[in-house]
Amino acid sequence: MEMLYEGKAKKVYSTDTKNVLRIEYKNSATAFNGVKKDIIEGKGILNNLFSSFFFTMLAEKNIQSHFIKKISDTEQLVTAVTIIPLEVIVRNVAAGTLAKRIGKEEGFIMKKPIIELCYKNDELGDPILNDDHIEILELATPIELKVIKIKALQINDVLKEYFENHHIDLIDFKLEFGKTADGIILLADEISPDTCRLWDSTTKQKFDKDVFRRDIAPLRETYQALADKLGIS
Ligand code: TMP
Ligand code: ASP
């Protein structure tokens, strides 16, 4: 089947079924807009596993996504959507670019979860946008943006509780949403340690892509340890 799109971490193919696509999770790891990169055997399998698991868990809580089913170690079927070019970041604890922007130490606990919206545009370096920018760029209507923010916070509630039960702090994560042929807004892309910050609740050990970004530990072993901790296989 025809490959429709290749991103940094996934390939997207058409299928024989209308409005159904096949996604293949790749073994490539990138950071800093592709400046740092590596091929890591087994990464595709692990992220397909995590993403399938979290999308299934969210569906059980009535939060639908593009995910239909996992069809192999590295592949899943998804509903075709047009991706809204926004990176929707939910943060419970300041880390990464937020810690830098507001001059706080990583680990600064915020009194409520906050949402940041970034323009999904590699050439511009994914700049942060406010609601007015999004409206004038026509990336989403104000009503669509409201729906996206509500869904993002619902997803945070579900994921945060799940991780808490496994002794992990959900520091922050990035979501992407898409629109179906009928105009319905669906959670899309992936949910994996590539797109979340996850710290052990006691030791604060990192179980996410920061180990690769910052050369802290080997990525595959870290993601495998996370899968073991969560009992996902
Ligand atoms: P940041 O602190 O670097 O802005 O990242 C916030 C969260 O978003 C963090 O969980 C990592 C995730 N993220 C992605 O999934 N993709 C990206 O391209 C970037 C920059 C961050
Ligand atoms: N996903 C981005 C990249 O591949 C940045 C990141 O996750 O740090 O470059």
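Positions are given from 1, in the same order as the sequence printed here.
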Assess whether a salt bridge exists between D169 and K160, defined as any Lys/Arg side-chain N lying under 4.0 Å from an Asp/Glu carboxylate O. no
Is the backbone of N47 close enough, under 3.5 Å, to the side chain of S192 for a donor and an acceptor to pair up by distance? no
Test log, rule side chain to side chain donor-acceptor pair (under 3.5 Å), inputs Y223 and D194: CA-CA 9 Å; Y223 286 19; D194 270 16; 2.6 Å; yes
Begin with the C-alpha distance, continue with both residues' side-chain angles, and end with the deciding distance and a verdict on ring pair (Phe, Tyr, Trp, His ring centres under 6.0 Å) for F207 and F163. CA-CA 12 Å; F207 286 94; F163 282 115; over 10 Å; no
For N92 and D172, which I'm curious about, is there any donor-acceptor pair between the side chains at under 3.5 Å? no
Check: D16 and M1 side chains under 4.5 Å, non-hydrogen atoms: yes
Cationic N near anionic O, under 4.0 Å, R220 to E41: no
Do any N or O atoms from the side chain of S201 and from the backbone of I168 form a donor-acceptor pair under 3.5 angstrom? yes
From the list R214, K204, R91, K100, salt bridge (charged side-chain N to carboxylate O under 4.0 Å, His left out) partner of E106 resolves to R214
For residues 225-233, run the donor-acceptor check on the side chains, cut-off 3.5 Å, and write out each pair with its distance to 0.1 Å, sequence neighbours left out.
unit_1: D228; atom_1: OD1; unit_2: Q224; atom_2: NE2; d: 3.0
unit_1: K229; atom_1: NZ; unit_2: D200; atom_2: OD2; d: 2.9

Would you say the side-chain atoms of S14 and E2 include a donor-acceptor pair closer than 3.5 Å? no
In this structure, would V78 and I155 fall into the same cluster of hydrophobic residues linked by side-chain contacts under 4.5 Å? no
Angle class for the Y162/H166 ring planes (parallel below 30°, perpendicular above 60°, tilted otherwise)? tilted
Pairwise side-chain contact, K36 with D215, heavy-atom cut-off 4.5 Å (strictly under): yes
Are the side chains of E176 and L187 in contact, using a 4.5 Å heavy-atom criterion? no
Any ion pair linking K61 and D157 (charged N to carboxylate O, less than 4.0 Å)? no
Contact check, side chains of I89 and F173, non-hydrogen atoms, under 4.5 Å: no
Heavy-atom donor-acceptor pair, D38 side chain to I40 backbone, under 3.5 Å: no
Under the salt bridge (Lys or Arg N to Asp or Glu O under 4.0 Å) test, residues paired with E221 that sit two or more places apart: none
Side chains of E75 and Y25: any donor to acceptor distance under 3.5 Å? no
Distance check, rounded to the nearest 0.5 Å: Q76 atom CD versus S51 atom OG? 5.5 Å
Any heavy-atom pair between the side chains of L159 and F54 that's under 4.5 Å? yes
Taking only residues two or more places apart in sequence, or in another chain, which ones meet Y119 in a ring-ring contact (aromatic ring centres under 6.0 Å, His included)? none
So, does N27 use its side chain to make a donor-acceptor pair with the main chain of K43 at under 3.5 Å? yes
Looking only at heavy atoms, which two atoms of I102 and A94 are closest? And how far apart? CD1-CB, 4.4 Å
Any donor-acceptor pair under 3.5 Å linking the side chain of N48 with the backbone of D73? yes
E164 atom CD, over 12 foreign heavy atoms within 6.0 Å: yes
Quick one: are L86 and L129 in side-chain contact, heavy atoms under 4.5 Å? yes
Does the cation-pi check pass for K151 over F177, that is, NZ or CZ under 6.0 Å from the six-membered ring centre and within 45° of its axis? no
Check: Y5 and K10 side chains under 4.5 Å, non-hydrogen atoms: no
Where the side chain of E144 meets the backbone of T141, is there a donor-acceptor pair that is under 3.5 Å apart? yes
Could you check if a side-chain atom of I68 sits within less than 4.5 angstrom of a side-chain atom of T79, using non-hydrogen atoms only? yes
If you group Ile, Leu, Val, Met, Phe, Trp and Tyr by side-chain heavy-atom gaps below 4.5 Å, do L117 and L153 land in one group? yes
Counting only heavy atoms from other residues, nucleotides and ligands, does the tally under 6.0 Å from NZ of K104 exceed 12? no
Heavy-atom nearest pair, I216 first then D210, reads CD1-O, 3.9 Å
Which is it for I148 and V88 under the side-chain contact (heavy atoms from CB on, under 4.5 Å) test, yes or no, and what are the steps along the way? CA-CA 8 Å; I148 287 170; V88 180; 3.7 Å; yes
Side chain of T15, backbone of V20: donor and acceptor closer than 3.5 Å? yes
Please assess E24 against T74 for the test side chain to side chain donor-acceptor pair (under 3.5 Å), listing each intermediate value before the final yes or no. CA-CA 6 Å; E24 186 193 323; T74 55; 5.1 Å; no
Say whether I115 and L98 are linked into one hydrophobic cluster, either directly or through other cluster members, by side-chain heavy-atom distances under 4.5 angstrom. no
Hydrophobic clustering (ILVMFWY, side-chain heavy atoms < 4.5 Å, transitive) - are L137 and L145 grouped together? yes
